[in-house]
Amino acid sequence: MGAEDAAEKALNLLRSRLCNPTFIFRPLCDSPDSNYSKLKFIVSSSITEACNNSVLLLGPRGSGKTAVLELVIGDLLLEHPDMITVIRLNGLLHSDDNSAFKEIARQLCVEHQLLFSKMASFDDNSQFLLAMLRECGLAHKTITFVLDEFDLFTQGRQRLLYALLDAMQSISSQAVVIGVSCRLDADQLLEKRVKSRFSHRKLLFLPPSKEDLQRLVEHVLSLPMDSSLPHHYAAEFNAKLQSILVDNRFQEIIDSYWDSYPAIRHLAKFLFRAVSSLNLDLGHLSLDNFKTALPSIKRQPKMESLRDCSILELYLLVCMKRLEVKEQNSYSFSAVIKEYKTIHDSFQTSDYFGQNVCRRAFEHLLQCGLIGFTDGRAHNQGIEFRPVKLLISPSELTQGLKSYNSCPALLLKLCA
Amino acid sequence: MAKEESPRVSRRSTRSATSTPTSNKITEGGTEEAVDLCSPSVSDLVYGDPISLDVLLSTFPGRKNQILDLIQLLGPLNSPTLPFFVYGGPSTGKTSVILQLFRHLNRPFVYSSFRTCYSLRILFESILNQLILHHRNAANGYSSAKRCDKPSDFVILLREALTGVIKSLKESVGKSKFSKSERPINGYMTYLIFDNLEVVREWGKASSLLPFLFNLYDILKIPEVGVIFISSTSPDMFYSNMSCVEPIPIYFPSYAENDLRQILLRNQANQKLYSSFLDVVLRPFCRITRRLDELCPIFATLYMQYCKPLSDPGAVPNEDMKRRLYSNLQPEISSALNEIFRVQSRSSPEAETSRKPEQIGGKRKLASSEKLNELDFHMCTSAKYLLISSFLASRNPATLDASLFDSTGGSDSRKRRRKSSDKVKAQQETAEEELLTKGPGSFPLERLLAIYQCLTSVAEGSPDEEAGPDDWIGIGGENNMLSSDVLLQISSLCNANILVKGGSCPLEGSTRYRCMVSEDLALKVARTLRFPLAKYIYRR
C-alpha cells in the first residue's frame, strides 16, 4: 500500500513537471552563453541603467522561447521586486490594435491599482499608455512588453508596434519590448518606420546538443531525494532510471523520435505519454513504457483512415488512382463512377453498387480527407462534376491495401 | 440526441445514451432533478452517478484499449495533463466514451460541441455559463451570465471563472470528508472538452479560431485545467493552422465486424434470432460501410422483414427455420444494399398496407407501375415544363435547337450526322469526356425561355402526344404569353437547386444557368406530363 502510494505521488510529480515548461528548460539555462543569460542581461541592463531595449526571440515551435522568457522574468522579479511591470500580449488574441491597446491599459491598471474603464477609446488608451510610460520612467520602473506570436502583430497597419517602439525613442521612458515568434523572418515583416526604430537584436533558439538532451531527460525524470517521497523508493526509482538511460535501445528510441520532432516540447510530450503508462504496482519506469509510447505518439493518420475504409471506398480510391495513372489531369466523381463501371464490366466483381451508394461512399472519403476537391469555391455545383484529386500518394495506397485485413486480391492487382 | 426532457440532460446525452437501458435513463433524470431543486453548486459539473470500470468497459465493446489509454493519460487524481486530441471516424464512440469515462472518474468537466455552438459568441458564453453555474431560464430572460464575443475577452473571463471553480473545488475536497450532504467530486482538475472540432474548419473565421483553441492551454497557463479535443477528422487536417505543439493524439479506429455484431446484439430481445439475422446481413453490408449510424436504421427495417414469417417473436431458430428465413430475406437484401442511404419519406407501416393488395392481385401491376411514375414531390405544370426545357438546354448543344424545334432544319442535320468518320467519332468521345468532367452545359436565360415556349406550345397545341413534330410547331405560340409567373418559377427552381446560376459569360455579360437534374429524374418528370422527352435528347 505504501509503495503504491509513493508510486502515485511520483507519477503526479513527473506529470506536473512535464506539464510545466519552465521546469523543463531550467537545466539549459546555467551556461553563460545560453539564451537565458543573454536575455537576462538585456532586460536587467534596462532595469539598472534605465534605458530602452527591444529584442526578438526566434525559433521553431516548442524550442522554449516563452519558457526561457518566463524564467528570466521570474528571476528578475525576485531580484528587483517592484521594479518591473510585465505586460503580456498574444498575437492570437490582440492582433488588432484596438484590443491590444485596451489590453495594455487593462493590465497596467491591474498592476498599478488604477480603475480601468472598458469604455475608453483607442485614443484614450494610447494616451494613457504614453502617460504611464513617462510616469514609470520617472519612477525608474521598467515596463516589459511581451508580444507572443509577434508575426501576427505585423499583419495590420502596425500601429501598436509603432506606438511602442516610438515611445522608446524618448529618454524619459524605460521599457523593453520582447517579441516572440516562430517565423525566423519576423523582423522583415516590419514596416520601414517600425523597422528603423527596432534595435535588431535577435536571439535564435536552436535545438540542444545530444549531451544537453541527455541531461535534460535525466533532470526531468529522476526523483528528488530530499522530498516527501520515501528515501529508499526514490533511490530505487533513480537507479532503475539510470539503467534505462544508459541502455542503447533507449537511445535508439529517443533518437528516432528526435529525428522527426526536434523540439523539446515535443520530447516532453513523448515523455509524458511514456510516464503516464507507468505501472503503479511496479512503481518505476521500464523500457517498455517508452517503447509503447513511440508508436502511439508517431501516428500515421492517412494509413489509419485507409484502414477505416470499407471495401467499396477502397474500390473508389483504386479507380481514382487508375485515373491518375492515366494522366487525366482533372477528373470528377462521374469519371470515377465510369471507371468503376468498366472495372466491374471487365472483372465481374461482386461488389457492384448503385450510384447513390457510391456517392455516399465518395462523401465519406471526402470527409475523412483521403480525397479533396481541387477547386476552392464552386459550392453551387453538384458534387458529381467538381474536379477531385487523391490526397494520398499511390505508394501509400498500395501499402495501405496490403495492410488492410481482408482486401480483395483484385484490388491489389488493379492498384499495382 | 433524441432526448428532450430538460436542456441539461440533452446536453450531456449522446447517441449511445439512447440505446442504453431505460432504467439507467430514469435514474439520470432523477438525480438531475434533485440537483435542480437545490441551489447550483460545483457538483453540476460532473455527469450523473459514477459507474464502475467494468460497466464502462462492457458498455463499449471493442473500445477497451482506448478507454484504458485515456484513463492512463488522464492520470491519477489531481495530476496535470497535456491537451489531447481524440479522433476517429463518425460513430466510433468518441464522445460517448469520453463522457461516460468522466462519469466513471467523477471529475468535473465542461462540454461544448461546435455543432450546437455554431458561433464564437455562443461557444464562449456556453462555456462560461457552465463554469459560473448559470442556468438560462425564464427568470433571467434566457440570457447568458457574461457577454463576450472576442477571444481576448473570453480568455480573461475564462481565467476568472476557472480559478473560481478550482478554488471552490479545492475547498469542497477538504470539506467533503466531514459533510456528506453533497455528492463528492473527485479532485479539482477541471477539463474543457471541445467536441466536433471538424466543423470549425468550415467556418469562415477558422484561420484565427483554430490556432487560438489549440493554444488555449498555453495561453491559460493554469495547470489545473485539461483540454480535450474531439474530432472526426484526423489531426493532419488541422496541421496547417495548428500553430502550436500538437496535442497528444488518441485514435478511435472504426469498429471491426465482430465489434459491430456485439454492439448490434446489445438491447435485442431475442438474441439468438438476431444473431442468425446478423449472420446473413452483416457481411454484405460491411463491404459498403462500417458506420453504425448508417447500418442501424437499415438493419431495423430488414429485421422486421426477417421476422415477418414468424408467428412467435421469441422463438429460438433452428437450422431449418434459419434457412427458410434466409431465403425469404434474400431478395430484400440485394435491393436494400442499393438503397442503403436512401431516406425514407413515408412511415413504413403505411407503405406496408398499400403494398399488400398489390401482391395479392396480379392485375394491379399496372397501377403499381403508374405509382412508380409518380413524383415524390409536388410541382406545378409550368415548373415541370421549365425543368424539362432547362434539362434539354443543358444537355443538347445550342446549335441543334433549330433542327429539333423547327420542322425545316430537322432533316438537314440528320443527313449531316450520318456521314460520321473516325475523326468525328474521336470528336464525340472528347465531347463525352467533357460532359463527364465539366458537367451539364450552361445556357442563357433567353434560350431556356425559347425552348420553354416551344415545348408549351407543343403541349397545348396537341393533346395527342403521338403526333409528329411537323404538325404542331408554331400553332399555339401566340396565346402562350410569357408571364412574370414563369420568371418566378425559374427563381424558385434556382432556390431548389435544380437550376444553378453560373458565372456570367464574359462576352455577353448575362447570367448563365445550368440544370443539375439527372436524366432519370427528367424522364420521370416528362412521364408525368406525358411528354416524349426521349425524342428530344441529343445522343452522341
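These numbers come from a predicted model, not from an experiment. So that the names make sense, note that chain A is the first sequence line, chain B the second, and so on, each numbered from 1.
Heavy-atom pairs under 4.5 Å with chain A were tallied for B:T233, B:I219, B:L68; the largest tally goes to B:I219. Between chain A and the residues B:L73, B:I71, B:T81, the largest count of heavy-atom pairs under 4.5 Å involves B:L73. Chain B forms the most heavy-atom pairs under 4.5 Å with one residue out of A:H94, A:R273, A:E8, and that residue is A:R273. Chain A forms more heavy-atom pairs under 4.5 Å with one residue of B:P249, B:P284, B:S254, B:G75 than with any other, namely B:S254.
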Would B:E198 and A:Q367 count as a side-chain contact (heavy atoms from CB on, under 4.5 Å) here? Give the steps. CA-CA 9 Å; B:E198 74 278 359; A:Q367 239 172 41; over 6 Å; no
Taking it one step at a time, do B:R287 and A:L312 satisfy side-chain contact (heavy atoms from CB on, under 4.5 Å)? CA-CA 6 Å; B:R287 290 183 88 86; A:L312 174 63; over 6 Å; no
Would A:L278 and B:Q72 count as a side-chain contact (heavy atoms from CB on, under 4.5 Å) if you check the C-alpha gap in whole Å, the side-chain angles of each, and the deciding distance to 0.1 Å? CA-CA 8 Å; A:L278 173 88; B:Q72 274 189 350; over 6 Å; no
Verdict with supporting geometry, A:E313 and B:R290, side-chain contact (heavy atoms from CB on, under 4.5 Å): CA-CA 11 Å; A:E313 284 155 20; B:R290 280 187 292 164; over 6 Å; no
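Heavy-atom distances place both the backbone and the side chain of A:N12 under 4.5 Å from chain B. With a 4.5 Å cut-off on non-hydrogen atoms, A:P60 does not touch chain B at all. For A:C182, no part lies under 4.5 angstrom from a heavy atom of chain B. Residue B:F84 does not touch chain A at all, counting heavy-atom pairs closer than 4.5 Å. Using a 4.5 Å cut-off between heavy atoms, A:Y315 does not touch chain B at all. At a 4.5 Å heavy-atom cutoff, the contact between A:R307 and chain B is made by backbone atoms alone. With a 4.5 Å cut-off on non-hydrogen atoms, B:P223 does not touch chain A at all. Residue B:Y87 touches chain A through its side chain alone, counting heavy-atom pairs closer than 4.5 Å. Only the backbone of A:S296 comes within contact range of chain B, with heavy atoms under 4.5 Å apart.
Taking OG from A:S276 and CG from B:D69, the interatomic distance works out to 8.0 Å, rounded to the nearest 0.5 Å. Rounding to the nearest 0.5 Å gives a distance of 4.0 Å between CD of B:E246 and NE2 of A:H266. The CG atom of B:L82 sits 4.0 Å away from the SG atom of A:C19 when rounded to the nearest 0.5 Å. Here A:R61 contributes atom CZ and B:N215 contributes atom CG; the two are 6.5 Å apart, rounded to the nearest 0.5 Å. Between the NZ atom of A:K118 and the CG atom of B:D153 there is a distance of 7.0 Å, given to the nearest 0.5 Å.
Taking all atoms of both residues into account, the shortest heavy-atom contact from A:S305 to B:Y251 is N-OH, 4.4 Å. Minimum interatomic distance between B:S79 and A:R15 (heavy atoms only, all atoms of both residues): OG-NE, 2.9 Å. Heavy atoms only, all atoms of each residue included: B:P76 and A:L11 are closest at CD-CD2, 3.6 Å. Counting all heavy atoms, side chain and backbone alike, B:K221 lies closest to A:T66 at NZ-CG2, 4.2 Å. A pairwise comparison of heavy atoms in A:K269 and B:P247 identifies NZ-O, 4.0 Å as the closest pair. Residues B:I248 and A:F272 approach most closely at CD1-CD2, 3.4 Å, considering heavy atoms.
Within a 6.0 Å radius of NZ in A:K389, other residues, nucleotides and ligands contribute more than 12 heavy atoms. Dense packing is recorded around CD of A:E70, with more than 12 heavy atoms of other residues, nucleotides or ligands lying under 6.0 Å away. Residue-environment remark: NZ (A:K326) exceeds the threshold of 12 foreign heavy atoms within 6.0 Å. By the 6.0 Å contact criterion, CG on B:N495 is enclosed, its count of non-hydrogen atoms from other residues, nucleotides or ligands being greater than 12.
Salt bridge B:R291/A:D308: absent, no basic N to carboxylate O contact under 4.0 Å. Using a cutoff of 4.0 Å between basic side-chain nitrogens and carboxylate oxygens, A:R265 and B:D218 are scored as salt-bridged.
Within the 4.5 Å cutoff, the side chain of A:R106 has heavy atoms near those of the B:I156 side chain.
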